[in-house]
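Everything on this sheet refers to the single structure shown next.
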Amino acid sequence: MPTVLITGANRGLGLELARQYAADGWRVLACSRHPDAEALDAIEQEHGDVSRHALEVTDAASIAALASSLHGTAVDVLLNVAGVMHRRAVATEGSARAAFGGFDYDDWTRVLAVNVLAPVRVAEAFLEHVAASDQRKIVTLSSELGSIGANETGGLYAYRSSKAAVNAVMKSMAIDLAPRGIIAVPMHPGWVRTDMGGPKAPLSAEESASGMRRVIAGLTLDDSGRFLQYDGEELPW
Ligand SMILES: NC(=O)c1ccc[n+]([C@@H]2O[C@H](COP(=O)([O-])OP(=O)(O)OC[C@H]3O[C@@H](n4cnc5c(N)ncnc54)[C@H](OP(=O)(O)O)[C@@H]3O)[C@@H](O)[C@H]2O)c1
């Protein structure tokens, strides 16, 4: 069976994607900062081929150690799921800290580290693992909030800029890796009820993950570099 490597697999969309791929018989490399997370116990007990790996995606040494420990493992689908919207300032001081005139630039820098630099670093570290697989797909969870064309409400500077940047990165990756037959796609999961999406989101993690899995399963080199959402619709840059 194919192998999927998922970052941020301990909760939210990463956890649900891990659950669904495992239930489908895939070998799942569930990577997170909390490999001992209880939520992963159930998946491991219910389904056979799930292994847990420690991964802090902003730590180059952590990524390199994981890539080296998985040396020789072909990864069919590399799924960059780990992401953040904003961190301590907004949580402790309210949304004004994410609005014009009140930015916390340290926070913004961290958002860029997690949402932009980390997916690239993970892709670089696992390039040979992906190249050695049958499916050769790299998918990074982006957001429609990263679409410049669809931005009609402003705000969310850190998150929007990070997802716009990761879209640019995935587009370049698609072009650069095409000669090796590797497909690279930024994907919007929809607005989903997770810790990040909140309780008012229209989609369950189950719906979003099953839609994304369907789209990922159908990806060909012709799709590489397209900005797709969970139901296959193409989004404007
Ligand atoms: N939910 C939505 O509506 C929505 C919409 C558009 C896009 N997205 C994108 O979809 C992805 C998943 O979102 P979600 O809703 O599942 O979010 P979530 O419930 O907040 O989960 C975020 C995940 O990212 C992990 N993570 C954050 N920083 C990390 C780091 N430095 N190293 C390793 N893991 C880290 C978290 O791990 P910890 O538990 O260790 O913090 C957690 O597993 C994100 O990229 C997000 O931007 C979500």
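As a basis for the values below, the full set of heavy atoms in this structure was taken, side chains included, without hydrogen atoms, waters or symmetry mates. Both ligands and their constituent atoms are indexed starting at 1 by order of listing. Numbers for residues simply follow the sequence, beginning at 1.
Within ligand 1, counting atoms from 1 as listed, the ones closer than 4.0 Å to a heavy atom of M196 are 15 (O), 17 (O), 19 (O), 20 (O), 46 (C), 47 (O), 48 (C). Residue S142 approaches ligand 1 through these ligand atoms, each under 4.0 Å from one of its heavy atoms: 6 (C), 7 (C), 8 (N), 9 (C).
Considering only non-hydrogen atoms, atom 5 (C) of ligand 1 lies nearest to G190 out of G197, G8, G190. Taking all heavy atoms of L55, D195, V81 into account, the minimum distance to atom 45 (O) of ligand 1 is reached by V81. The option with the heavy atom closest to atom 22 (C) of ligand 1, from among G198, P119, S208, G83, is G83. By heavy-atom distance, the residue among V192, L203, V166 lying nearest atom 2 (C) of ligand 1 is V192.
Of the N or O atoms in L13, one or more lie within a sub-3.5 Å distance of an N or O in ligand 1. Remark: ligand 1 and V57 share an N or O pair separated by less than 3.5 Å (distance only, no angle test). Looking at T58 next to ligand 1, no N or O pair under 3.5 Å apart turns up.
More than 12 non-hydrogen atoms from other residues, nucleotides or ligands lie less than 6.0 angstrom from CD of E234.
Residues V50 and M1 are members of one and the same hydrophobic cluster, defined by side-chain heavy-atom contacts under 4.5 angstrom among Ile, Leu, Val, Met, Phe, Trp and Tyr.
The side chain to side chain contact (heavy atoms under 4.5 Å, CB included) test with S133 singles out one residue from H129, R136, K137, and that residue is R136.
The salt bridge (Lys or Arg N to Asp or Glu O under 4.0 Å) contacts involving residues 162-186 comprise E128-R180, where partners must be two or more places apart or lie in separate chains.
Ligand 1 is never approached by M85 to a heavy-atom distance shorter than 4.0 Å. In this structure, P189 has a heavy atom closer than 4.0 Å to ligand 1.
Qualifying salt bridge (charged side-chain N to carboxylate O under 4.0 Å, His left out) partners for E152, counting only residues two or more places apart in sequence or in other chains: none.
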R121/E124 under salt bridge (charged side-chain N to carboxylate O under 4.0 Å, His left out): CA gap, chis, key distance, verdict: CA-CA 5 Å; R121 197 168 250 159; E124 275 197 301; over 6 Å; no
